[in-house]
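Presented below is the structure to which this report refers.
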Amino acid sequence: MERRPAVYGLMAEFDNPTSLLDATSRAYREGYRRMDAYTPFPVEGLSEALDFRRTRVPLIVLLGGLVGCFGGFFLQYYIAAIYWPIIVGGRPFNSWPAFIPVTFELTVLCAALSAFLGMLALNGLPQPHHPVFNAPRFEMASRDRFFLCIEATDPKFEAAATRRFLESLGAREVSDVED
Amino acid sequence: MTKEDRSNVASVDTTQMPVIGPGHSFASVTDKISSIVLTHRTPKGWFIGLALSFSLVMILSGAVGLLLVKGVGVWGINIPVAWGFAIVNFVWWIGIGHAGTLISAILLLLNQRWRTSINRFAEAMTLFAVMCAGMFPLLHLGRPWVFYWLFPYPNTMNVQPQFRSPLVWDVFAVSTYFMVSLLFWFVGLIPDLATLRDRARSLWGKVIYGALAMGWRGSARHWHRYEIAYLLLAGLATPLVVSVHTVVSFDFTIAILPGWHSTIFPPYFVAGAIFSGFAMVLTLAIPLRKFYGLEDFITTRHLDNMAKVMLATGLIVAYGYLMEFFMAWRSGNKFEWYMTMNRLRGPYWPVYWGVLLCNVALPQLLWSRRLRRSALALFLLSLVINTGMWLERYLIVVVSLARDFMPSAWGMYRGTVWDYAVFIGTLGFFVFMMFLFIRFLPAISIFEMRTLLPEAEVKGEAKEGVKWKEGQPSTV
C-alpha cells in the first residue's frame with residue numbers, strides 16, 4: 001500500500017510569464033520532474049520547459065478522420081448498391097463521385113469530434129475537483145497570475161528544501177497545497 | 001480614442017494601428033470583458049432589445065404554428081416556383097454564418113492576430129445563423145415532424161436516403177457544419193468559462209460556469225493539447241466552410257435550369273457567403289462596441305480590415321455576375337440569353353438592378369479609407385450589402401424558376417404575409433439569441449486577448465532556457 005502524502009505539493013506564485021518560464025526551466029534542470037505550471041493563457045515554450053512536447057491528439061484526429069472517411073463511403077455504398085439499389089438517372093449503383101461530398105463531410109465531422117473528445121480525454125476532463133484548487137489565490141490562475149506546482153510525489157521532493165528552492169526562484173509566495 | 005486621434009484616423013497606415021487599446025493589463029482585460037457577464041446591473045437597453053426581439057420570436061412561433069396546421073400552402077409557393085422564400089432565406093442565413101468560421105478558423109491559420117477580439121461573437125453569429133438557416137428547409141419539407149427521414153437509419157419502411165442527390169448532401173453538409181462550429185466555439189470558450197467560474201460571486205454563476213468549464217485549471221500540459229486540438233479544428237473547419245457553400249450551390253447547379261446550371265456557382269457562392277457574412281459581423285460589432293464601450297478591443301483597425309475583406313469578396317461576386325452574363329452570351333444558348341434578358345427587363349427587373357446597386361456599385365465606396373474607418377458609414381453599408389445579398393438569392397431562386405424553357409409553364413411568384421412573417425421571425429430569433437449570448441457568455445475571447453498584451457511575451461533568457469534540453473521527447 002502506498003502512503004498518500006498529506007500535501008499534494010508546493011505551489012509557487014509568479015507575476016509574469018517570463019519569471020514562470022524561467023523558474024520552470026530551472027526546476028527541471030534541478031531534477032524535478034513531477035510538476036506542472038498553471039497559466040491564464042498558453043505561454044510559449046512552457047510545455048517544452050516541462051519536457052512535454054508530443055501528444056497523441058493529432059493521431060486521434062487522424063484515426064477519427066479515417067473512420068469517418070471509410071465508414072461514410074461504405075455507408076453510402078452499402079445503401080446505394082446493396083441495401084436499396086435503385087437506378088437514378090441511369091447511373092451505376094456504385095456511383096462513387098456522387099458519394100464524395102457526404103464522405104468528405106463525415107470525415108470532417110468524425111475528425112472534429114475526435115479532436116474535441118480526444119483533447120478532453122487526454123486532459124482528464126471533465127474533472128470535478130483537483131487538489132491544486134486548494135492552493136490560496138489559485139483563482140487568479142485564470143486572471144493574471146502564473147503558478148508552478150512541484151508535486152509531493154516527485155522523488156526529489158522534500159518539503160523544506162523544495163520550498164527554499166522555489167523561494168530562491170523569485171516567487172511572490174510559496175504555499176502548501178493540501179491533498 | 002481622443003478627438004484628435006479620431007480626426008487623424010484616415011491618414012494612419014493600418015498595420016501601425018494597435019489591435020488592442022493602450023494601457024491594458026491581464027487583469028484589466030479580464031475584468032472588463034467578464035464584467036459584462038458577471039454584473040448584477042443589467043443595462044436597461046438590454047431588456048428593451050431582448051423584449052423587442054422576443055416579440056419577433058413570437059411572430060415566428062405564430063407563423064410556424066399556422067404553417068404546421070395549414071401546410072406550406074400559406075406561403076406563396078406553387079409550381080413553377082416551389083422553393084420561394086424558404087430557400088432564399090436558407091441560403092442567405094447559411095452564407096452569413098460563413099464569416100464566423102472564416103474569422104475564427106481561416107484567419108487563425110493565417111496568423112492574423114486582429115481576429116482575436118471578433119472571433120467569439122462571430123462564431124456565435126455562425127451558430128445562430130445556421131439555426132435560422134436550418135429551420136427553412138425543414139419547414140419547407142411540409143411535414144417537418146418526420147425530418148429524421150433525411151438521415152440513414154434502420155427503419156421498418158425499408159427506404160434509405162438517395163445519396164446521388166445534392167439535397168441529401170446538403171443535409172450532411174449543414175448538420176456537420178453546425179456540429180463543427182459548435183465544437184469549435186465551445187472549445188474556445190472552455191478557458192473563459194473557467195475565468196467566469198473563478199470570478200463569479202453568485203452561487204448559480206459558480207455552479208453553472210463551473211460545470212461548463214469542466215474543471216479547467218490552465219495546466220501547461222492541458223494548454224499544449226488544447227492548442228493542438230484548437231488548431232486542428234481550425235484546419236478542419238477551413239475546408240468544411242468552403243465545402244458547405246459549394247454543396248449549397250450544388251442544390252442549384254446540378255439541375256439543368258437556366259440561371260442555375262453554371263460551373264461558376266461554387267466559388268461565387270463561397271465569395272458571396274463571406275461577403276454577406278462580414279457585412280453581418282459589422283452590423284453586429286458596431287453597435288456592440290458602441291453600447292458596451294469596447295472600442296479598445298474592437299478597434300478602427302478591425303473595422304478597416306473587415307471592410308477590406310468585404311471589398312475583395314464583393315469584387316469576386318461582381319466577377320461572378322459578369323461571367324454569368326458573358327457565358328449566357330458566349331454559349332449562344334437562347335434559354336440562357338433569355339434568362340439574362342429576363343433578369344434585366346422582365347417582371348422582376350427591380351431585383352436584378354437592386355443586386356447590382358447593393359452588391360456591385362455601392363461597395364465600391366469601400367475604396368475610400370475615410371469611409372472604411374467610419375463606424376456609421378460601415379454600419380449603413382453593411383445593411384445595404386445584407387439586403388443586396390438577400391436579393392441575389394431571390395434572383396437566383398425565384399427569377400430562374402419563374403420562367404424556364406416553356407412559356408406555357410411560366411408563372412409568377414410573390415411572397416405572402418406568412419413568408420415575410422417567418423423571415424422577420426428568424427431575424428428576431430437571431431437577434432434574441434445574440435442578446436442572450438452577450439449577457440451570459442463572454443462576447444470576446446478573454447484568454448486570447450491576454451496573449452495580445454506586450455506582457456504576454458516571454459522575454460530574455462527564459463526564452464533561450466527551453467532550448468538547452470537534450471534527449472528524446474516523451475509522448476504523454
Side-chain angles (χ1 to χ4, degrees), chain A residues 16-18 21-22 25 36-58 61 75-76 79-80 83-84 88 91 95 98-99 101-102 104-106 108-109 111-113 115-116 118-119 122-123 125-130 132-133 139 141-144, chain B residues 25-27 30 152 158-164 168-169 172-173 176 179-180 183 187 191 194-195 198-199 214-229 232-233 236-237 239-240 243 247 250 447-448 450-451 455-456 458-463 465-466 469 473-476:
Chain A
N16 60 67
T18 307
L21 184 56
D22 194 38
S25 307
D36 205 346
Y38 301 90
T39 57
F41 57 84
V43 173
E44 198 189 334
L46 190 57
S47 62
E48 285 86 348
L50 290 163
D51 200 18
F52 179 78
R53 286 147 198 271
R54 295 179 61 189
T55 109
R56 291 199 196 95
V57 172
V61 175
L75 171 86
Q76 296 175 81
I79 286 175
Y83 182 80
W84 201 50
V88 177
R91 290 180 209 157
S95 36
F99 300 159
V102 172
F104 174 77
E105 302 300 337
L106 289 174
V108 170
L109 180 66
L113 281 171
F116 176 66
M119 183 271 286
L122 291 176
N123 281 349
L125 299 175
Q127 185 175 6
H129 188 69
H130 191 274
V132 292
F133 287 111
E139 69 276 5
S142 67
R143 187 167 178 256
D144 61 346
Chain B
S25 65
F26 297 134
T30 309
N158 274 333
V159 286
Q160 291 293 340
Q162 211 289 93
F163 283 106
R164 297 173 196 97
V168 172
W169 305 347
F172 282 84
T176 298
M179 198 63 210
V180 172
L183 288 178
V187 167
T195 297
D198 293 340
R199 298 186 46 73
M214 296 187 293
W216 181 264
R217 53 188 188 273
S219 144
R221 291 183 169 85
H222 289 189
W223 276 122
H224 186 63
R225 294 194 190 97
Y226 177 93
E227 282 197 292
I228 287 174
L232 286 171
L233 279 174
L236 290 165
L240 176 68
S243 88
V247 168
F250 284 166
F447 88 87
E448 286 182 294
R450 293 187 194 114
T451 64
E455 302 97 292
V458 174
K459 295 169 199 81
E461 241 180 89
K463 205 165 185 175
V466 296
K469 259 190 275 99
S474 53
T475 301
V476 187

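Chain letters run A, B, ... following the sequence lines, proteins first and then strands; every chain starts at 1.
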Original post:
Would the A/Phe41 and B/Phe26 ring centres measure less than 6.0 Å apart?
Top reply: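 Ring-ring flag for A/Phe41/B/Phe26: true, centres closer than 6.0 Å.
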**OP:** Sequence neighbours left out, what passes salt bridge (charged side-chain N to carboxylate O under 4.0 Å, His left out) with B/Arg199? Give chain and number order.
**Re:**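 With sequence neighbours excluded, B/Arg199 shows a salt bridge (charged side-chain N to carboxylate O under 4.0 Å, His left out) to B/Asp31, given in chain and number order.
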Subject >> Set of salt bridge (charged side-chain N to carboxylate O under 4.0 Å, His left out) partners for A/Asp36, sequence neighbours left out >> reply: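 Once residues adjacent in sequence are excluded, the partners of A/Asp36 under the salt bridge (charged side-chain N to carboxylate O under 4.0 Å, His left out) criterion are B/Arg221.
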[X] side, atom [atom1]; [Y] side, atom [atom2] - distance, nearest 0.5 Å:
X: B/Phe172; Y: A/Gln76; atom1: CZ; atom2: CD; answer: 7.0 Å
X: B/Ser243; Y: A/Phe104; atom1: OG; atom2: CZ; answer: 4.5 Å
X: A/Leu106; Y: B/Thr176; atom1: CG; atom2: OG1; answer: 6.0 Å
X: A/Asn16; Y: B/Ser25; atom1: CG; atom2: OG; answer: 12.5 Å
X: B/Thr195; Y: A/Arg143; atom1: OG1; atom2: CZ; answer: 10.0 Å
X: A/Glu105; Y: B/Met179; atom1: CD; atom2: CE; answer: 14.0 Å

Original post:
Under the side chain to side chain contact (heavy atoms under 4.5 Å, CB included) criterion, do B/Arg225 and A/Arg56 qualify, and how do the steps go?
Top reply: CA-CA 8 Å; B/Arg225 294 194 190 97; A/Arg56 291 199 196 95; over 6 Å; no
Subject >> Check: A/Ser95/B/Arg164 side-chain N/O donor and acceptor closer than 3.5 Å >> reply: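 Yes.
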**OP:** Could you tell me whether the side chains of A/Thr39 and B/Trp223 share a donor-acceptor contact shorter than 3.5 Å?
**Re:**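 There is such a pair between these side chains.
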Checking heavy atoms, do the side chain of [X], its backbone, both or neither come under 4.5 Å from chain A?
X: B/Glu455; value: backbone
X: B/Ala456; value: both
X: B/Leu232; value: side chain

Closest heavy-atom contact between [X] and [Y]?
X: A/Phe133; Y: B/Gly215; result: CZ-O, 4.1 Å
X: A/Ala115; Y: B/Ala229; result: O-CB, 3.9 Å
X: B/Ala220; Y: A/Ser47; result: O-CB, 4.1 Å

Determine the option with the most heavy-atom pairs under 4.5 angstrom with chain A, choosing from [options].
options: B/Val168, B/Val187, B/Val159, B/Val247; result: B/Val159
options: B/Leu183, B/Thr451, B/Leu233; result: B/Leu183
options: B/Glu448, B/Gln162, B/Arg217, B/Glu227; result: B/Arg217

Keeping [X] on the side-chain end and [Y] on the backbone end, is there a donor-acceptor pair under 3.5 Å?
X: A/Thr18; Y: B/Val458; result: no
X: B/His224; Y: A/Arg53; result: yes
X: A/Trp84; Y: B/Pro161; result: no

Name the option with the most non-hydrogen atom pairs under 4.5 Å to chain B; the candidates are [options].
options: A/Glu139, A/Arg91, A/His129; result: A/Glu139
options: A/Pro42, A/Pro40, A/Pro128; result: A/Pro42
options: A/Leu125, A/Leu75, A/Leu113; result: A/Leu125
options: A/Gly118, A/Ala111, A/Ala141; result: A/Ala111

Subject >> Parallel, tilted or perpendicular, as decided by the 30° and 60° cut-offs, for the rings of B/Phe163 and A/Phe99 >> reply: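 The arrangement is perpendicular - the two ring planes meet at more than 60°.
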Validation row: [X], [Y] side chains within 4.5 angstrom (heavy atoms):
X: A/Met119; Y: B/His222; answer: no
X: A/Tyr83; Y: B/Asn158; answer: yes
X: B/Thr30; Y: A/Asp144; answer: no

**OP:** Using non-hydrogen atoms and a 4.5 Å limit, figure out which bit of A/Pro101 sits close to chain B: side chain, backbone, both or neither.
**Re:**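 A/Pro101 touches chain B through side-chain heavy atoms alone.
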